[in-house]
Amino acid sequence: MRKIILFIHSTINGVVTGDPSEDKTNWAVWRNSAGIEEGSQYLLNIFETADTILLGRGTYEDLSRKWPTVRGVKRDDGGSSLGDKINNAHKLVVTSARDTLKWGEFEAPKQLTGSNIEEQIKDLKNGDGGDIVIFGSPTLVRSLANANLIDEYKIVMHPVVVNVGEHLFDNLNEQKEFQLVDVKPLKVGSLLVTYRPAKA
């Protein structure tokens with residue numbers, strides 16, 4: 001079965017967005033740039049098994065403006081860059097609006113829409129292909145967490161606390177238990193923490 005893996009940046013107090021009164025997709029206002037760079041290497045590692053990106057509408061709107069212009073600077077070891085992996089991955093966007101989705105010159109994302117999104121995602125997990133990674137998309141993450149569809153949570157925690165923004169696990173339906181899988185210290189005090197849902 002394909003896994004769904006969340007990769008997201010967070011403050012110590014669990015905020016994963018920018019200021020909703022301005023641009024909530026701009027979490028860079030509180031980011032730790034050294035942690036971002038090193039965290040990106042771990043995101044690249046996810047693409048060793050992942051070939052599909054799942055996005056909420058807001059995150060799609062933000063990333064589709066930025067990533068298609070990122071050209072693949074080759075790594076020292078000759079492997080593909082993060083830009084290569086993201087731009088060439090299959091993309092799925094959960095959205096209620098039926099319109100044309102684009103990703104620059106690359107394969108256009110496909111829409112997931114309707115009242116049975118959770119069932120559609122279950123079907124994806126049971127289908128063929130590599131793992132599925134979610135970037136950001138906190139509203140979608142909460143919905144999938146409520147449905148117990150996320151298999152792994154990779155959270156880059158930055159050494160900062162902010163007083164505005166959405167928390168990753170706002171409005172969950174019930175308590176969720178997790179098993180700690182790994183903790184990696186990153187530069188300037190950031191941590192990459194990996195959790196999996198605890199087995200009942």
Side-chain angles (χ1 to χ4, degrees), residues 2-32 35-36 39 43 46 50 52-64 91-99 101 109-125 131-181 183 190-200:
R2 307 169 80 181
K3 287 194 303 183
I4 293 183
I5 302 167
L6 168 68
F7 185 91
I8 198 165
H9 293 267
S10 174
T11 65
I12 288 175
N13 60 324
V15 171
V16 292
T17 70
D19 186 342
S21 69
E22 296 178 12
D23 177 7
K24 78 174 189 177
T25 65
N26 185 22
W27 52 269
V29 294
W30 48 254
R31 72 181 181 179
N32 175 322
I36 295 289
L43 175 55
I46 293 173
T52 301
I53 299 170
L54 179 62
L55 300 168
R57 181 66 191 224
T59 304
Y60 156 74
E61 295 284 1
D62 180 51
L63 297 185
S64 65
K91 295 170 196 72
L92 303 167
V93 179
V94 176
T95 175
S96 59
R98 291 188 175 273
D99 55 16
L101 304 181
K110 295 179 181 175
Q111 290 183 325
L112 293 182
T113 189
S115 59
N116 64 337
I117 293 297
E118 293 171 9
E119 289 303 317
Q120 292 179 57
I121 291 175
K122 285 178 186 176
D123 288 343
L124 284 168
K125 289 185 69 171
D131 291 335
I132 301 164
V133 61
I134 307 176
F135 304 161
S137 306
T139 302
L140 175 60
V141 168
R142 289 190 282 270
S143 175
L144 297 184
N146 277 327
N148 299 312
L149 289 174
I150 299 177
D151 300 286
E152 198 164 272
Y153 295 76
K154 291 184 176 289
I155 303 169
V156 180
M157 187 179 301
H158 296 270
V160 60
V161 171
V162 297
N163 62 350
V164 292
E166 294 181 15
H167 294 84
L168 180 58
F169 294 116
D170 281 340
N171 302 316
L172 288 187
N173 293 339
E174 61 186 9
Q175 179 173 315
K176 301 288 181 185
E177 302 287 341
F178 294 93
Q179 173 188 356
L180 179 64
V181 175
V183 179
S190 297
L191 296 172
L192 172 61
V193 183
T194 302
Y195 289 103
R196 290 184 191 136
K199 296 191 188 305

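Positions are given from 1, in the same order as the sequence printed here.
Side-chain contact check for Ile4 versus Ile150: some heavy-atom pair is nearer than 4.5 Å. Using a 4.5 Å heavy-atom cutoff, the side chains of Pro138 and Thr17 are in contact. A heavy-atom distance below 4.5 Å is found between the side chains of Val15 and His167. A 4.5 Å side-chain heavy-atom check between Ile46 and Asp131 finds every atom pair outside the cut-off.
Residues Val162 and Asn13 come closest through the heavy atom pair O-ND2, 2.9 Å. Counting all heavy atoms, side chain and backbone alike, Tyr195 lies closest to Val181 at C-CG2, 4.2 Å. When all heavy atoms of Pro159 and Ile12 are compared, the pair lying nearest together is CA-CD1, 3.9 Å.
In terms of the side-chain hydrogen bond (donor to acceptor under 3.5 Å, both in side chains) criterion, residue partners of Thr95 (sequence neighbours excluded) are, by chain and number, Arg57. With sequence neighbours excluded, the residues satisfying salt bridge (Lys or Arg N to Asp or Glu O under 4.0 Å) with Glu174 are Lys176. With sequence neighbours excluded, the residues forming a side-chain hydrogen bond (donor to acceptor under 3.5 Å, both in side chains) with Thr52 are Arg2, listed by chain and number. With sequence neighbours excluded, no residue forms a side chain to side chain contact (heavy atoms under 4.5 Å, CB included) with Gln179. Shown here are the ring pair (Phe, Tyr, Trp, His ring centres under 6.0 Å) partners of Phe7, two or more places apart in sequence or in another chain: His9. In this view, Glu118 satisfies the salt bridge (Lys or Arg N to Asp or Glu O under 4.0 Å) rule with no residue, not counting sequence neighbours. Every residue meeting the side chain to side chain contact (heavy atoms under 4.5 Å, CB included) condition with Ser137, not counting sequence neighbours, appears here in chain and number order: Leu55, Thr59, Ile134, Leu140.
Using cut-offs of 30° and 60° on the angle between ring planes, the pair Phe178 and Phe169 is tilted.
Applying the salt bridge (charged side-chain N to carboxylate O under 4.0 Å, His left out) test to pairs two or more places apart or on separate chains, none has a residue in residues 6-18. Applying the salt bridge (charged side-chain N to carboxylate O under 4.0 Å, His left out) definition to pairs two or more places apart or across chains, those involving residues 143-153 are Lys3-Glu152, Lys125-Asp151, Glu152-Lys154, Glu152-Arg196.
Each of Val133, Val93, Leu112 was scored for a side chain to side chain contact (heavy atoms under 4.5 Å, CB included) with Leu54, with one residue passing: Leu112.
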- Item | Ile8/Ile155 under side chain to side chain contact (heavy atoms under 4.5 Å, CB included): CA gap, chis, key distance, verdict | CA-CA 5 Å; Ile8 198 165; Ile155 303 169; 4.0 Å; yes
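Rounded to the nearest 0.5 angstrom, Leu144 CG and Thr139 OG1 are separated by 11.0 Å.
The main-chain N or O of Asn173 is found under 3.5 Å from a side-chain atom of Asn146 such that the two form a donor-acceptor pair.
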